[in-house]
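For the numbers below, each heavy atom of this structure counts, side chains included, while hydrogens, waters and symmetry mates do not.
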Amino acid sequence: MKIAILGSGAVGGYYGARLALTGHDVTFIARGAHLAAIRDKGLAIKSAVLGDFVAHGRAEEDTTKVGHVDLIMVAVKTYDNATALPLLRPMLGPDTVVLTVQNGVDSAGEVAAFVGEERTLGGTTYIATALEAPGLIVQTGDHRRIVFGEAFGVLPRMTDRVTRIHEAFAAADIQSYPVEDGRVPIWEKFVFLASLAGFTGAARLPIGPVWGDPFTKAQFLAGCREIEAVARAEGVPVAADVVDRIIPYVDAIPGSMRSSLLIDLQQGKRIEVEALQGTVVRRGAARGVPTPIMSTLYSVLKPHGGGLTRA
C-alpha cells in the first residue's frame, strides 16, 4: 500500500515505521529537525521489549509533493486540526481512505468535513511511545493496538477496506482489531480518557494519589458515567459495563502513570482540553445531559489550553 502518516511523532511515526519496515511505501509528514532526521538517517524505534529497528521512507512537509495515496493515518494533536487537516486534500486519490487515531470523539467528524464521510474511518490506539529526539521514538511496554472501523453510514457493518487495512497492520506486527462500528471503541476509550486526563491534569498529580483517595476515586468514576450518558444520548452503543471495566484496569496501572494531558501541562505545552473535557460539556448541553463534574474540570483546565505561550 501507498501510505501517508499525517503527524509522524510518537504515535503516527511508530506505526508508519512498522508499516515501512514490512515493505509498504510510507511517506512521513513532518517538520523541522524531525523531518531532517528522518530524511538523513531514517526513523529509529527503540524498544527494550520488542527490539530496536530503523525504518526508511519518504519524508515531506509539503503534501502537494506526496501524490495520491491509498491510506492516510491522521495522528496529529487535535488542537492542530485547523492547520493540519487541509494538508489531506492534495493526497486524495479516487480510492484514498483516511483513518484517524486521534484522541477524543470529534476527530472522525472533523476529518470527514475535509475529505467526506465516505472516505473516513474512525479508530483509537493504545500505545506508550515518546519522541525522545528528532528521528528517535522510544516505546515503553509492548502495547501497539489500533481498534478501528467504519464510522459513518449504516452501522454496524464490516467492509472490505477495513479488512484490507487490518491485514496490512497485522502483517506489520501492529495489534489490529477491526470492528463493525468504529464509534464504539472510540467512545469506550473516551469514557475513561477524558476523566483520567481531567482529574490528573486538574490535580497536577499522577493517577496513584487520585485513585488512592476514596472520595476522588468516586468522583472520577462519576465523571466517567457522565461521559457514558452523553455517548448513549448520541446513540452510540457502548458496553453496559463500560465504567465497571475501568476499575480493575486502573487498579493495575502503576501509580506513577501520568496522562498525556498532564505531561503536556507540566511542560507548558498546549493541551487537548477542548477535544476531551470541552467536547463532553458541549455535547452534553446539546443533548440535555448534565455534566457537572466534567464541566468543573473543563473550567479548571481551559485557561491552560494554549500553554505557557498563551499565558
With side chain to side chain contact (heavy atoms under 4.5 Å, CB included) as the criterion, how do Tyr15 and Ile127 come out once you've worked through the C-alpha distance, each side chain's angles and the decisive distance to 0.1 Å?
CA-CA 10 Å; Tyr15 288 127; Ile127 189 170; 3.8 Å; yes
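- Looking at heavy atoms from C-beta onward, Val66 lies out of side-chain contact with Pro90 at the 4.5 angstrom threshold.
- Annotation: side chain of Gln175 is not in contact with side chain of Tyr126 (no heavy-atom distance under 4.5 Å).
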Could you check Gln102 against Thr78 for side-chain hydrogen bond (donor to acceptor under 3.5 Å, both in side chains), going step by step and ending with a plain yes or no?
CA-CA 7 Å; Gln102 292 179 301; Thr78 55; 5.8 Å; no
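- Under a hydrophobic-cluster definition in which Ile, Leu, Val, Met, Phe, Trp and Tyr are linked whenever side-chain heavy atoms come within less than 4.5 Å, directly or via other members, Val111 and Trp187 are assigned to different clusters.
- To the nearest 0.5 angstrom, His56 atom NE2 is 9.5 Å from Leu43 atom CG.
- Applying the side-chain hydrogen bond (donor to acceptor under 3.5 Å, both in side chains) test to Thr140 and every residue at least two apart in sequence or in another chain returns nothing.
- Expressed to the nearest 0.5 Å, how far CG of Leu308 lies from CG of Leu265 amounts to 8.5 Å.
- The heavy-atom pair separating Asn103 from Leu193 by the smallest distance is OD1-CD2, 3.5 Å.
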Stepwise, does the side chain to side chain contact (heavy atoms under 4.5 Å, CB included) test hold for Met91 with Thr96?
CA-CA 8 Å; Met91 299 185 286; Thr96 303; 5.9 Å; no
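- Residues Val101 and Ile174 share a single hydrophobic cluster, defined by chaining ILVMFWY side chains whose heavy atoms lie under 4.5 Å apart.
- Arg39 contributes a side-chain N or O that, together with a main-chain N or O of Ala59, makes up a donor-acceptor pair within less than 3.5 Å.
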With side chain to side chain contact (heavy atoms under 4.5 Å, CB included) as the criterion, how do Glu272 and Tyr79 come out once you've worked through the C-alpha distance, each side chain's angles and the decisive distance to 0.1 Å?
CA-CA 6 Å; Glu272 293 184 293; Tyr79 47 65; 3.9 Å; yes
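- Leu276 is not listed as a side-chain neighbour of Leu297, based on a closest heavy-atom distance of 4.5 Å or more.
- No donor-acceptor contact under 3.5 angstrom links the side chains of Tyr298 and Thr291, judged on distance only.
- Every side-chain contact (heavy atoms from CB on, under 4.5 Å) that Ala229 has, sequence neighbours left out, goes to Val289.
- Hydrophobic cluster membership is shared by Leu196 and Met294, with clusters built from Ile, Leu, Val, Met, Phe, Trp and Tyr side chains linked at under 4.5 angstrom.
- Contact of the Arg18 side chain with the Asp173 side chain is registered, since non-hydrogen atoms from C-beta on lie closer than 4.5 Å.
- For Thr27, there are no side-chain hydrogen bond (donor to acceptor under 3.5 Å, both in side chains) partners, not counting sequence neighbours.
- Annotation: side chain of Val74 is in contact with side chain of Leu88 (closest heavy-atom distance under 4.5 Å).
- Ala33 and Pro134 make their closest contact through O-CB, 3.5 Å (heavy atoms, listed as atom of the first residue, atom of the second, distance).
- Residue Arg31 qualifies as open at atom CZ: its count of foreign heavy atoms under 6.0 Å is 12 or below.
- Residue Thr279 holds its OG1 atom at 5.5 Å from CZ of Phe190, rounded to the nearest 0.5 Å.
- Residue Val147 is not grouped with residue Ile165 when hydrophobic side chains (ILVMFWY) are merged at heavy-atom distances under 4.5 angstrom, including chains of intermediate members.
- Note: Phe220 and Phe199 have tilted aromatic rings, judged against thresholds of 30 and 60 degrees for the angle between ring planes.
- Taking the centre and axis of the six-membered ring of Tyr14, the NZ or CZ atom of Arg144 falls outside the cone set by 45° and 6.0 Å.
- Within the 3.5 Å criterion, the main-chain N or O of Ala194 finds a donor-acceptor partner in the side chain of Gln277.
- In this view, Lys269 and Asp264, Gln267 satisfy the side-chain contact (heavy atoms from CB on, under 4.5 Å) rule, not counting sequence neighbours.
- For the side-chain hydrogen bond (donor to acceptor under 3.5 Å, both in side chains) test, residues two or more places apart in sequence or in another chain that qualify with Glu234 are Arg283.
- Hydrophobic cluster membership is shared by Phe169 and Ile3, with clusters built from Ile, Leu, Val, Met, Phe, Trp and Tyr side chains linked at under 4.5 angstrom.
- One distance of note links NE2 of His68 with NZ of Lys2; it measures 9.0 Å at 0.5 Å rounding.
- Between the side chain of Asp241 and the main chain of Asp244, no donor-acceptor pair closer than 3.5 Å is present.
- When side chains are defined from C-beta on, Val105 does not count as touching Val280, because their heavy atoms never get closer than 4.5 Å.
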Might you work through the side chain to side chain contact (heavy atoms under 4.5 Å, CB included) test for Thr200 and Arg258, ending with a clear yes or no?
CA-CA 7 Å; Thr200 57; Arg258 296 180 296 161; over 6 Å; no
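- Counting heavy-atom neighbours within 6.0 Å of Asp160 CG, excluding the residue itself, gives a total of 12 or less.
- A donor-acceptor distance shorter than 3.5 angstrom exists from the side chain of Thr120 to the backbone of Gly116, with no hydrogens or angles considered.
- Between the side chain of Thr22 and the backbone N or O of Leu19, at least one donor-acceptor pair lies under 3.5 Å.
- The two residues Arg245 and Glu188 make their nearest non-hydrogen contact at NH2-OE2, 3.5 Å.
- Of the possible polar contacts, one joining the Gln139 side chain to the His143 backbone as a donor-acceptor pair under 3.5 Å is found.
- At distances below 3.5 Å, at least one donor-acceptor pair connects side-chain atoms of His34 with backbone N or O atoms of Ser8.
- Partners of His166 under the side-chain hydrogen bond (donor to acceptor under 3.5 Å, both in side chains) rule, at least two apart in sequence or in another chain, are Ser176.
- In this structure, the side chains of Val242 and Phe192 stay at 4.5 Å or more apart for every pair of heavy atoms.
- Distance CG/Leu35 to CD1/Ile29: 9.0 Å, rounded to 0.5 Å.
- The line from CG of Leu221 to CD1 of Ile293 is 9.5 Å long, rounded to the nearest 0.5 Å.
- Between Ala10 and Thr129, the closest heavy-atom pair is O-OG1, 2.8 Å.
- Lys302 and Glu274 make their closest contact through CE-OE2, 3.6 Å (heavy atoms, listed as atom of the first residue, atom of the second, distance).
- Counting heavy atoms from C-beta outward, Glu150 and Pro156 have side chains that stay 4.5 Å or more apart.
- Pairing each heavy atom of Leu99 with each of Gly122, the nearest pair is CD1-C, 4.0 Å.
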